[in-house]
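Keep in mind it's a predicted model, so treat the numbers as computed, not measured.
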Amino acid sequence: SILTQTLIIHIIRTARIPFIQSLASPPLIAATVIICAIAIALPYTPIGATLGFVPLPGAYWPIVISFLASYAVLTTLVKTWFIRRWGY
């Protein structure tokens with residue numbers, strides 16, 4: 001999804017832990033927030049309906065958040081292993 005694609009940019013851009021030890025530049029953070037907001041809001045708009053998008057049920061969002069958090073942890077762990085194994 002677009003949410004995981006924008007998240008991975010923040011994870012692979014630094015050898016540190018993203019959002020905790022290292023923040024991206026303000027333009028990158030702004031672009032991420034704007035892109036994610038558009039992606040989340042699009043199914044609720046007339047354009048989204050025209051494209052055939054359907055709004056997701058509210059129970060879906062906690063699942064999405066848990067997937068994103070798990071994805072962030074897993075990719076950070078793999079990135080850390082890769083850097084220790086092969087260098088940065």
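H10 approaches T6 most closely through the heavy-atom pair CD2-O, 3.3 Å. Of all heavy-atom pairs between P55 and P43, the closest is CG-O, 3.5 Å.
Within a 6.0 Å radius of CG in L28, other residues, nucleotides and ligands contribute more than 12 heavy atoms. Heavy-atom contacts from other residues, nucleotides or ligands closer than 6.0 Å to CZ of R16 number 12 or fewer.
With contacts defined as side-chain heavy-atom distances shorter than 4.5 Å, the pair T80/R84 qualifies. Annotation: side chain of T4 is not in contact with side chain of I8 (no heavy-atom distance under 4.5 Å).
In this structure a side-chain-to-backbone donor-acceptor pair under 3.5 Å is present from R13 to L23. Using modelled atom types, no side-chain atom of S22 and backbone atom of P18 make a donor-acceptor pair closer than 3.5 Å. Looking only at distances, no side-chain donor or acceptor of K79 sits under 3.5 Å from a matching main-chain atom of I17.
Put simply, Y44 and L3 are part of the same group of oily side chains (I, L, V, M, F, W, Y) that touch within less than 4.5 Å, one to the next. In the hydrophobic clustering of ILVMFWY residues, with side-chain heavy atoms under 4.5 Å counting as a link, V64 and I40 come out together. A continuous path of hydrophobic side-chain contacts links Y60 to L68 [ILVMFWY only; heavy atoms under 4.5 Å]. Side-chain heavy atoms closer than 4.5 Å link hydrophobic residues (I, L, V, M, F, W, Y) into clusters, and following such links, possibly through other members, connects I12 to L7.
The distance from atom OH of Y71 to atom CD1 of I11, rounded to the nearest 0.5 Å, is 7.0 Å. Distance check, rounded to the nearest 0.5 Å: CZ of F19 to CD1 of I29 gives 7.0 Å.
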